[in-house]
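Heavy-atom basis, side chains included; hydrogens, waters and symmetry copies ignored.
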Amino acid sequence: MKLKDKIALVTGAASGIGRATALLFAREGARVVVNDLDLAAAQKTVDEMGADGSSGLAVRADVSESAQVAAMFEEIDRALGGLDILVNNAGIAEATGDEMTKLNQRAEARINEALSGEGIRTPWDATAEMSDASWDRMIRVHLYGTFYCTRAAIPRITRRGGGSIINMASVAGLMGLEAAPHYSAAKAGMIGFTRAVAREVGSLGIRVNAICPGFIETPMTEPISPMLKMMALGQTPMGRWGDPKEVASNCLFLASEDSSYVTGQWLSPNGGLFTG
Ligand code: NAD
């Protein structure tokens, strides 16, 4: 039981990586707040934690909305009385369904052009065609969401004598994804924020680290076309996509005493995709 008697908040924990992390934390003895936009799905994660779901609390909040984050933390105070661990995991891959359709079409066109031997001509055009709303949504969910939750968590974790904050970034923030400039910028911003806050709160006993997963099989990556998935696989030396549990185990390491002298770092479970 690596997290016995700890209180953890995992944002976006109704699905994918967040869900796997919340379930692992509960198995390791933590009481886990499962946040999501989708309350019913968050409650399902809580129900999976134990016969009576007593080790979890589902809370609906949009992390990109300051007032909703403040209300969520007040609810956590009332229900659980504090916080030791925060995982800023809530995220989106594209701001509109249209973005994924274009991405899939262009990836397929580029692969076909490459196969034809005549050279790749189809541009990605992701930045040139980006709307203000798409850019704004992507930055708001990842960067504002991480800031709002971290700001509220620091005094609460301090009152408990210290703890751990984990920011779910991405390899996109390390290497840049050509078809997702807004996502890459948001994730790179989360890595910079991680480093700064780690320096700021180190003497309070709070460790702050980022995780930069490679391609992981979750509902977020489901809409990616088979051809684009093949392209991603071709760049991954281990020759397979990751499982959410393989990211959750990294979260447990960073949340627990196993990483007691680790702060301001990023860990990248990515099958060898990025080795920088
Ligand atoms: P997912 O879609 O399965 O889960 C994301 C969850 O976040 C969903 O339940 C969604 O409802 C919730 N969410 C979205 N916006 C929210 C908001 N504003 N407030 C609260 N909840 C919100 O996705 P996932 O693949 O598990 O992704 C989890 C995190 O991991 C994301 O930050 C993502 O960017 C990151 N990540 C994923 C991959 C991957 O390949 N799947 C790779 C690198 C990083």
Side-chain angles (χ1 to χ4, degrees), residues 12 15-17 89-143 145-146 167-195 210-244 246-247 250 265-276:
S15 168
I17 294 168
N89 167 80
I92 52 174
E94 77 273 9
T96 66
D98 220 30
E99 284 178 6
M100 187 54 79
T101 308
K102 274 190 202 160
L103 171 63
N104 283 333
Q105 285 167 349
R106 287 172 188 173
E108 295 198 7
R110 289 171 66 90
I111 290 168
N112 287 328
E113 287 163 4
L115 290 173
S116 77
E118 285 169 22
I120 298 172
R121 296 173 307 278
T122 301
W124 288 109
D125 269 345
T127 303
E129 292 180 2
M130 179 78 58
S131 69
D132 292 0
S134 280
W135 180 267
D136 191 58
R137 184 80 198 128
M138 195 59 78
I139 302 297
R140 286 206 74 81
V141 173
H142 297 106
L143 215 39
T146 297
N167 296 325
M168 196 58 66
S170 166
V171 285
L174 298 172
M175 58 193 277
L177 287 185
E178 53 275 55
H182 49 357
Y183 183 80
S184 303
K187 294 303 194 183
M190 286 174 70
I191 296 167
F193 183 68
T194 299
R195 291 179 169 137
I211 297 184
C212 299
F215 296 104
I216 311 296
E217 293 271 12
T218 70
M220 177 181 279
T221 48
E222 246 169 46
I224 297 176
S225 76
M227 234 183 201
L228 191 50
K229 282 190 171 167
M230 204 181 66
M231 232 167 100
L233 199 62
Q235 294 170 33
T236 304
M238 284 185 70
R240 65 173 177 84
W241 282 42
D243 184 277
E246 294 175 294
V247 182
N250 285 246
Q265 310 294 314
W266 54 262
L267 255 179
S268 187
N270 67 34
L273 171 67
F274 179 79
T275 56

How close do Cys212 and Val171 get, heavy atom to heavy atom, and via which atoms? O-CG1, 3.6 Å

Looking at His142, Glu99, Arg137, which hits side chain to side chain contact (heavy atoms under 4.5 Å, CB included) with His182? Glu99

Interatomic distance, OG1@Thr218 vs CG@Asp243, rounded to 0.5 Å, equals 10.0 Å

Contacts of Arg121 that satisfy side chain to side chain donor-acceptor pair (under 3.5 Å) - sequence neighbours left out: none

Could you give me the CA-CA distance, side-chain angles and deciding distance for Met227 and Asn112, then say whether side chain to side chain contact (heavy atoms under 4.5 Å, CB included) is met? CA-CA 10 Å; Met227 234 183 201; Asn112 287 328; 3.7 Å; yes

Any chance you could measure Leu177, atom CG, to Trp124, atom CH2, to the nearest 0.5 Å? 9.5 Å

Please check this pair: side chain of Ser184 against backbone of Pro181, looking for a donor-acceptor N/O pair closer than 3.5 Å. no

Apply side chain to side chain contact (heavy atoms under 4.5 Å, CB included) to the pair Met231 and Arg110, showing each step before the final yes or no. CA-CA 11 Å; Met231 232 167 100; Arg110 289 171 66 90; 5.7 Å; no

If I take atom NZ from residue Lys229 and atom CZ from residue Phe215, how far apart are they, to the nearest 0.5 angstrom? 11.0 Å

Please find the pair of heavy atoms, one from Thr221 and one from Trp241, that lie closest to each other, and give the distance. CB-CZ3, 3.5 Å

Return the minimal non-hydrogen interatomic distance between Glu94 and Gly97, and the atom names on each side. OE2-CA, 4.4 Å

Give a yes or no answer on whether the side chain of Thr122 reaches the backbone of Arg106 with a donor-acceptor pair at less than 3.5 Å. no

Scanning both residues in full, the closest heavy-atom pair of Pro244 with Gly16 reads CB-O, 3.8 Å

Between CG on residue Leu273 and CE on residue Met238, distance to nearest 0.5 Å: 12.0 Å

With sequence neighbours left out, what residues match Glu108 under side chain to side chain donor-acceptor pair (under 3.5 Å)? Ser225

Might you point out which heavy atoms bring Gly91 and Val141 nearest each other, and give the distance in Å? CA-CG1, 4.0 Å

Give the C-alpha distance, both sets of side-chain angles, the deciding distance and a yes or no for side chain to side chain contact (heavy atoms under 4.5 Å, CB included) between Asp136 and Asp132. CA-CA 6 Å; Asp136 191 58; Asp132 292 0; 5.9 Å; no

For Phe274 and Trp266, take the angle between the two ring planes, folded into 0 to 90°, and tell me which bin it lands in: parallel under 30, tilted 30 to 60, perpendicular over 60. tilted

Presence of salt bridge, Arg240 and Glu246, under 4.0 angstrom: yes

Scanning both residues in full, the closest heavy-atom pair of Ser170 with Ile191 reads O-CD1, 4.5 Å

Evaluate the side chain to side chain contact (heavy atoms under 4.5 Å, CB included) criterion for residues Asn104 and Met100: first the C-alpha distance (whole Å), next the side-chain angles of each, then the deciding distance (0.1 Å), finally the verdict. CA-CA 6 Å; Asn104 283 333; Met100 187 54 79; 3.8 Å; yes

Taking Asn89 for the side chain and Met168 for the main chain, is one N or O donor matched with an acceptor at less than 3.5 Å? no

Straight-line distance of Ile211 CD1 to Gln265 CD, nearest 0.5 Å: 12.5 Å

Quick one: do the Asn167 and Thr146 side chains pair a donor with an acceptor below 3.5 Å? no

